[in-house]
Amino acid sequence: MTGKDLYDAMNSIEDNFIREADEAVPLKKGVFNLNRKRFTGIAACIVLVVCAFVIMTKFLPNLTSSKEPHQGEAATAIQNDYVKIYYLENGTTKIKEESVKLDYTPQKIFQEWKKLNSIPNNVNLVDYKIESNGYEKAGSSGTTGYVVGDVFTLNVTLSDEFMTCLNQNNRTALIESLEKTLSYQKINFKSINIIVGGQKVNN
Amino acid sequence: MDDAQIIQLYFERSEDAIEKTKIKYGDFCFHIANNILKSKEDAEECENDAYLKLWNAIPPQRPNVLKSYLGKIVRNLALRRYEYYSAQKRNVELEIAFSELEECIVGLKSVEGQFDVGDLEKSVNRFLHTIDREPRIIFVRRYWYADSMKEIAARFRISESKVKSSLFRTRNKLRIYLQKEGFMG
């Protein structure tokens, strides 16, 4: 037996090992050695970011206005992750899924959904907002804290042109595929509202 | 197009089957072949041979995971082609990988004598189940995908020395495992 024989034997390893090594993203958890010093540094950074966010929302409300489309996109982008895109198969109402590697942002995911469903280019994602029952709470020493909510609602606003893509046959399935695609974040939404022209179009 | 649809094209003997496979998995196949052969032309030929082999295999075969099925074909073809290379065309990186694995078999009774290829393949598979996910991914990238340590380090944003030590530990574990599996020296 030689090293090459062993190398050849590797050819018969199970498919899941090959796929696992192919799809693996940067090995963050185990491979990075989180010693105490590094952990303290990361914790300090997180505290700084949270403080900066609280100050910005309190004193600079215009900067965090949700009127602008795509707002917050850069902050939430995780590059090149697999996302399931749902689409209607060849003009039928059968919903299929495809895993696509792309930037993990609502805009990029919506563009991919459009492409797979042959939605015209003039249909745009105007706003993507997650609302929760979280709230700010004033502390005893004059500081403000944030109590994280446990009920989440996803509000998605599309441009008016989306209405032209809906017909009696595909309406329910197309909207369902959009709901499934855009709820890609691992959050259990209480409700998802698809809004077009100020009106909610889904059930 | 998903894999089931591509496989269906093979069953229908549609000429689109190879085209769709190439679009979806061309880069993947080329990467594996080129890692082994280190020659663009040879890797392309190997990739095309793999499509032909896939065409002949389906039907009757219906692979569960088309990507890894095709990957195994192309890896196997690339290794066979590599055996015919002259000394001038040797891939230094691959030779290093062979010699690294050589460490796992020093002292095993099968080194000098006969061994059952099927048994060895099963043992390697069982061994991969026993180790943690991260060293396993690094091990498979190195010895299945034929990635260099530098490429693995860049891919997972870790240091090269970390890759090296992970591979070293895994090889030692494999050696002990093979001994326990009956390849005892």
Side-chain angles (χ1 to χ4, degrees), chain A residues 1-35 38 42 78-92 94-102 112-113 115-118 177 180-181, chain B residues 1-2 28 63-65 67-69 71-72 75-76 79 83 94-95 97-105 108-115 117-118 120-125 128-129 132-147 155-158 162-163 166 174 178 183:
Chain A
M1 195 197 295
T2 63
K4 189 176 175 304
D5 292 326
L6 198 46
Y7 196 90
D8 283 345
M10 283 289 293
N11 208 43
S12 299
I13 63 171
E14 290 170 21
D15 291 344
N16 50 329
F17 295 140
I18 298 168
R19 188 164 49 184
E20 178 186 62
D22 183 42
E23 293 175 352
V25 286
L27 304 169
K28 284 174 189 163
K29 281 182 184 170
V31 172
F32 283 151
N33 185 15
L34 267 183
N35 57 31
R38 184 175 284 175
I42 292 169
I78 300 170
Q79 282 197 329
N80 287 325
D81 208 345
Y82 279 94
V83 180
K84 279 184 182 166
I85 308 291
Y86 296 86
Y87 64 97
L88 303 191
E89 188 184 31
N90 298 331
T92 66
K94 188 180 174 191
I95 299 178
K96 300 212 72 175
E97 65 173 57
E98 184 162 331
S99 285
V100 182
K101 201 174 190 182
L102 72 171
E112 197 61 34
W113 176 83
K115 202 167 83 185
L116 285 175
N117 284 287
S118 307
S177 74
K180 287 174 86 168
T181 302
Chain B
M1 183 175 265
D2 63 30
F28 171 74
N64 289 328
V65 185
K67 191 176 185 180
S68 41
Y69 185 85
K72 284 176 182 178
R75 184 181 186 271
N76 205 24
L79 283 171
E83 284 171 5
L94 193 63
E95 292 296 324
F98 292 162
S99 66
E100 286 166 4
L101 286 177
E102 200 93 34
E103 293 168 18
C104 301
I105 54 168
L108 301 185
K109 72 173 178 188
S110 316
V111 173
E112 302 297 332
Q114 295 288 313
F115 67 98
V117 176
L120 181 63
E121 288 171 353
K122 282 177 195 159
S123 292
V124 170
N125 254 316
L128 290 174
H129 278 286
D132 289 339
R133 180 175 173 269
E134 287 164 9
R136 183 170 61 221
I137 288 170
I138 292 172
F139 190 82
V140 172
R141 289 296 329 175
R142 176 72 176 148
Y143 301 116
W144 197 90
Y145 286 89
D147 284 352
R155 185 184 184 96
F156 299 122
R157 296 182 205 149
I158 52 178
K162 202 154 253 181
V163 174
S166 169
L174 174 59
L178 288 176
F183 294 86

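Here is how names work: the chains are called A, B, and so on, in the same order as the sequence lines, proteins then strands, and each is numbered from 1.
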K.L.:
When you look at A:Leu6 and B:Phe98, which way does the side-chain contact (heavy atoms from CB on, under 4.5 Å) test go after all the steps?
P.N.:
CA-CA 8 Å; A:Leu6 198 46; B:Phe98 292 162; over 6 Å; no
K.L.:
Under 4.0 Å between a Lys/Arg side-chain N and an Asp/Glu carboxylate O for B:Glu83 and A:Lys4?
P.N.:
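Judged by the 4.0 Å cut-off on N to carboxylate O distance, B:Glu83 and A:Lys4 do form a salt bridge.
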K.L.:
Let me see the working for A:Phe17 and B:Ile137 under side-chain contact (heavy atoms from CB on, under 4.5 Å), right down to the final yes or no.
P.N.:
CA-CA 8 Å; A:Phe17 295 140; B:Ile137 288 170; over 6 Å; no
K.L.:
Any chance you could measure B:Leu79, atom CG, to A:Asn11, atom CG, to the nearest 0.5 Å?
P.N.:
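If we round to the nearest 0.5 Å, B:Leu79:CG and A:Asn11:CG are 7.0 Å apart.
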K.L.:
State whether B:Lys72 and A:Asp15 are salt-bridged, where the test is any N-O pair (Lys NZ or Arg NE/NH1/NH2 against Asp/Glu carboxylate O) under 4.0 Å.
P.N.:
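Salt bridge between B:Lys72 and A:Asp15, a charged N being under 4.0 Å from a carboxylate O: yes.
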K.L.:
Under 4.5 Å, counting heavy-atom pairs only, tell me which of B:Val140, B:Asn125, B:Leu174 racks up the most with chain A.
P.N.:
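So the answer, after comparing B:Val140, B:Asn125, B:Leu174, is B:Asn125.
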K.L.:
Take B:Arg75 and A:Tyr7 through the side-chain contact (heavy atoms from CB on, under 4.5 Å) test and state the conclusion after the steps.
P.N.:
CA-CA 11 Å; B:Arg75 184 181 186 271; A:Tyr7 196 90; 3.2 Å; yes
K.L.:
At a 4.5 Å cut-off on heavy atoms, which part of A:Glu20 comes close to chain B: side chain, backbone, both, or neither?
P.N.:
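Both parts, backbone and side chain.
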K.L.:
Can you name the residues that form a ring pair (Phe, Tyr, Trp, His ring centres under 6.0 Å) with A:Tyr87, not counting sequence neighbours?
P.N.:
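Testing A:Tyr87 for ring pair (Phe, Tyr, Trp, His ring centres under 6.0 Å), a comparison that skips the adjacent residues, returns none.
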K.L.:
Hey, mind stepping through A:Arg19 and B:Lys67 against side-chain contact (heavy atoms from CB on, under 4.5 Å) and telling me if it holds?
P.N.:
CA-CA 8 Å; A:Arg19 188 164 49 184; B:Lys67 191 176 185 180; over 6 Å; no
K.L.:
In chain order, what residues pass the ring pair (Phe, Tyr, Trp, His ring centres under 6.0 Å) check against B:Tyr69, with sequence neighbours excluded?
P.N.:
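Checked B:Tyr69 against ring pair (Phe, Tyr, Trp, His ring centres under 6.0 Å); zero matches.
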K.L.:
Which one, A:Leu116, A:Ile13, A:Asn16, leads in non-hydrogen pairs under 4.5 Å with chain B?
P.N.:
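Most pairs with chain B among the choices: A:Ile13.
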K.L.:
Quick check on B:Val124 against chain A: is it the side chain, the backbone, both or neither that has a heavy atom closer than 4.5 Å?
P.N.:
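Contact with chain A: side chain only.
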K.L.:
Would you name the heavy atoms of A:Ala21 and B:Arg141 that are closest together and state the gap between them?
P.N.:
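Minimum heavy-atom separation between A:Ala21 and B:Arg141: O-NH1, 3.1 Å.
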K.L.:
What distance separates B:Leu101 CG from A:Asp5 CG, expressed to the nearest 0.5 Å?
P.N.:
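If I round to the nearest 0.5 Å, the distance is 10.5 Å.
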